[in-house]
Amino acid sequence: MDTTANSDVQKAEELKLKANEAFKANKFSQAIELYSQAIELNSSNAVYWANRAFAHTKLEEYGSAVQDATNAIEIDPRYSKGYYRRGAAYLAMGKFKEALKDFQQVKKICPNDPDASRKLKECEKAVQKIRFEEAISVGDAERRSVADSIDYHVIEVEPQYAGPRIDGEEITLDFVKAMLDEFKKQKCIHKRYAYQIVLKTLELLRSMPSLVDVDVPNGGHFTVCGDVHGQYFDLLNIFALNGLPSEENPYLFNGDFVDRGSFSVEVILTLFAFKCLYPKAMYLARGNHESKSMNKIYGFEGEVRSKLGEKFVELFAEVFCWLPLAHVINKKVFVVHGGLFSVDGVKLSDIRSIDRFCEPPEEGLMCELLWSDPQPQLGRGPSKRGVALSFGADVTKKFLQENNLGM
């Protein structure tokens with residue numbers, strides 16, 4: 001029996017080394033598979049769990065990373081990497097208070113770890129800011145719109161400004177094309193025009209329901225695009241391949257316009273400008289990255305601050321809250337950034353009646369619309385992301401049948 005146990009331990013070590021190689025080669029799914037095999041042979045080794053947690057983090061499966069790191073900590077409460085991995089996953093999810101506790105533990109176990117000290121400071125700052133915001137927060141009834149305090153008409157455009165201009169109230173196709181070229185040269189438009197585009201978009205979005213019905217006429221076509229994530233040149237490539245948005249060439253951009261890429265400001269201003277130009281041919285849905293917590297962590301907030309200034313950070317946060325949550329094309333095709341729900345029986349009318357003007361909550365229909373993912377197995381399961389859930393084909397089929405949808 002001992003011989004078998006020893007042989008399992010040895011095999012597990014060999015699998016771990018193979019998994020480490022896969023990880024180094026950025027083959028994170030393969031690494032997870034190999035760490036899983038090692039865990040099956042020897043589940044009492046904290047290193048395997050912590051390593052698998054790290055691989056999950058690389059695939060943005062933060063929920064799975066938290067679970068694995070917690071297992072590592074339970075096996076060895078003095079294992080600093082367990083706390084570190086869990087803290088990093090919490091940090092990526094915007095759960096600063098939980099992350100703070102874990103990095104405090106790392107600091108206790110390894111007082112001289114510079115990376116842990118840096119992460120700890122980052123968390124402390126974020127938690128302090130949250131506490132401050134909670135302390136000064138006002139009820140919905142008292143909350144003032146940032147947009148209502150801005151009048152772009154009084155902003156002067158300096159004579160030396162050489163970029164594209166909007167004459168009067170109407171945003172024209174000529175202006176938008178000139179703006180696209182300006183962005184291509186990595187120049188920004190004047191703040192006055194950026195305000196004009198964003199405020200006009202806000203006005204349009206405010207009048208839309210949480211679930212938007214889209215009608216595509218017989219013989220017409222309609223393009224749905226996934227996450228652009230601040231990749232401006234990819235967006236230009238989509239337009240080069242498929243044509244610019246127009247009444248005859250309508251688009252739906254299905255969330256996650258910003259964060260990660262370096263040109264989120266250019267992407268969002270382009271999409272918003274086309275929304276102003278063709279309100280019925282440019283549809284925009286909210287993704288899980290159109291939120292304050294994600295924008296703080298994944299780059300949009302910092303980019304807006306450096307390119308446009310602090311006021312725009314608040315303004316974009318407000319506009320994002322007005323983005324619709326889902327679209328139905330020709331009463332048959334349900335389009336949403338995330339996925340379906342933790343309960344059966346959700347009707348389109350329930351989605352339509354969501355009061356969406358808020359930061360995404362951590363549970364409920366709105367959270368699931370933005371965060372849920374399909375899974376290969378039937379039924380429902382925990383989300384690898386750590387928010388909302390995973391759902392199988394049977395859940396999809398039932399939802400489609402109950403709402404008379406096709407796909």
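Along the sequence shown, residues are numbered consecutively beginning with 1. All heavy atoms count here, side chains included; hydrogens, waters and symmetry mates do not.
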message: Does either side chain, that of Glu33 or that of Gln37, offer a donor lying less than 3.5 Å from an acceptor on the other one?
response: yes

field: Test side-chain contact (heavy atoms from CB on, under 4.5 Å) applied to Tyr298 and Asp256, step by step
entry: CA-CA 11 Å; Tyr298 290 98; Asp256 283 11; over 6 Å; no

message: Please list all pairs meeting ring pair (Phe, Tyr, Trp, His ring centres under 6.0 Å) that have one or both residues in residues 92-127, counting only residues at least two apart or in different chains.
response: Tyr84-Phe103

In a table with atom names and distances, give each donor-acceptor pair under 3.5 Å that connects a side chain of residues 213-228 to protein atoms at least two apart or in another chain.
{"unit_1": "Asp213", "atom_1": "OD2", "unit_2": "Arg352", "atom_2": "NH1", "d": "2.9"}
{"unit_1": "His221", "atom_1": "NE2", "unit_2": "Asn249", "atom_2": "OD1", "d": "2.9"}
{"unit_1": "Thr223", "atom_1": "OG1", "unit_2": "Asn242", "atom_2": "ND2", "d": "3.0"}

query: Do Pro360 and Met294 touch side chain to side chain, with heavy atoms closer than 4.5 Å?
result: no

query: Between Asn403 and Leu348, what is the shortest heavy-atom contact and its length?
result: OD1-N, 2.9 Å

- request: Apply salt bridge (charged side-chain N to carboxylate O under 4.0 Å, His left out) to Asp373 and Lys384, showing your working.
  value: CA-CA 9 Å; Asp373 282 309; Lys384 288 179 175 180; over 6 Å; no

- request: Taking the side chain as every heavy atom from C-beta outward, state whether Met282 and Leu277 have any atom pair closer than 4.5 Å.
  value: no

message: With salt bridge (charged side-chain N to carboxylate O under 4.0 Å, His left out) as the rule and sequence neighbours excluded, what pairs involving residues 39-59 come up?
response: Arg52-Asp68

- request: Please determine if Arg305 and Glu301 form a salt bridge, counting it only when a charged side-chain N lies under 4.0 Å from a carboxylate O.
  value: yes

- prompt: Got more than 12 heavy atoms from elsewhere within 6.0 Å of NZ, Lys119?
  reply: yes

- request: Using a strict 4.0 Å threshold on nitrogen-to-oxygen distance, state whether Asp102 and Lys95 make a salt bridge.
  value: no

task: State which residues pass ring-ring contact (aromatic ring centres under 6.0 Å, His included) with His337; sequence neighbours excluded, sorted by chain then number.
output: none

- prompt: Are Phe399 and Phe334 an aromatic pair by the rule of ring centers under 6.0 Å?
  reply: yes

message: Go through it in stages, so that I can follow the logic: the residues are Phe253 and Phe274, the test is ring pair (Phe, Tyr, Trp, His ring centres under 6.0 Å), and I'd like the CA-CA distance, side-chain angles, deciding distance and then a yes or no.
response: CA-CA 11 Å; Phe253 281 85; Phe274 276 115; 9.0 Å; no

- request: State, yes or no, whether a side-chain contact exists between Arg165 and Phe175 at a heavy-atom distance under 4.5 Å.
  value: no

Where Ala194 and Ile189 come nearest, the two heavy atoms and their spacing: N-CD1, 3.8 Å

- prompt: Donor-acceptor pair, Ser293 side chain versus Gly94 backbone, under 3.5 Å?
  reply: no

task: Walk me through it: do Ser145 and Arg206 pass the test side-chain contact (heavy atoms from CB on, under 4.5 Å)?
output: CA-CA 12 Å; Ser145 158; Arg206 266 180 179 161; 3.5 Å; yes

- prompt: Is there a donor-acceptor contact under 3.5 Å linking the side chains of Asn45 and Ser43?
  reply: no

Donor-acceptor list for residues 257-268 side chains, cut-off 3.5 Å, not counting sequence neighbours:
{"unit_1": "Asp259", "atom_1": "OD1", "unit_2": "Phe300", "atom_2": "N", "d": "2.9"}
{"unit_1": "Asp259", "atom_1": "OD2", "unit_2": "His289", "atom_2": "ND1", "d": "2.7"}
{"unit_1": "Asp259", "atom_1": "OD2", "unit_2": "Asn295", "atom_2": "ND2", "d": "3.0"}
{"unit_1": "Arg260", "atom_1": "NH1", "unit_2": "Glu60", "atom_2": "OE2", "d": "3.0"}
{"unit_1": "Arg260", "atom_1": "NH2", "unit_2": "Glu60", "atom_2": "OE1", "d": "2.7"}
{"unit_1": "Arg260", "atom_1": "NH2", "unit_2": "Glu60", "atom_2": "OE2", "d": "3.0"}
{"unit_1": "Arg260", "atom_1": "NH2", "unit_2": "His289", "atom_2": "NE2", "d": "3.4"}
{"unit_1": "Ser264", "atom_1": "OG", "unit_2": "Asp259", "atom_2": "N", "d": "2.9"}
{"unit_1": "Glu266", "atom_1": "OE1", "unit_2": "Lys307", "atom_2": "NZ", "d": "3.0"}
{"unit_1": "Glu266", "atom_1": "OE2", "unit_2": "Lys307", "atom_2": "NZ", "d": "3.2"}

- request: Kindly indicate whether the side chain of Phe312, heavy atoms from C-beta on, has any atom under 4.5 Å from the side chain of Leu315.
  value: yes

Verdict with reasoning, Ser117 to Asp115, per side chain to side chain donor-acceptor pair (under 3.5 Å): CA-CA 5 Å; Ser117 302; Asp115 201 27; over 6 Å; no

message: So that I can tick it off, tell me whether Lys16 and Glu13 are bridged by a salt bridge, with the cut-off set at under 4.0 angstrom between side-chain N and carboxylate O.
response: yes

field: Gln104 side chain reached by Leu120 side chain, heavy atoms, under 4.5 Å
entry: yes

task: Answer yes or no for Lys275 and Tyr283: cation-pi contact, defined as NZ/CZ to six-membered ring centre under 6.0 Å and angle to ring axis within 45°.
output: yes

message: Does anything in residues 41-81 form a ring pair (Phe, Tyr, Trp, His ring centres under 6.0 Å)? List the pairs, not counting sequence neighbours.
response: Phe23-Phe54

- prompt: Asp174 and Lys177: salt bridge (charged side-chain N to carboxylate O under 4.0 Å, His left out), yes or no, with the steps?
  reply: CA-CA 5 Å; Asp174 284 344; Lys177 285 179 173 173; 5.5 Å; no

query: Between Glu122 and Lys125, does at least one N-O distance fall below 4.0 Å, as a salt bridge requires?
result: no

message: Using the rule given for side chain to side chain donor-acceptor pair (under 3.5 Å), can you reason through His190 versus Gln196, listing the C-alpha separation, both sets of side-chain angles and the distance that settles it, and then say yes or no?
response: CA-CA 10 Å; His190 197 279; Gln196 190 168 347; over 6 Å; no

- prompt: Is the side chain of Glu368 donor-acceptor paired with the backbone N or O of Ser342 at a distance under 3.5 Å, no angle test?
  reply: yes

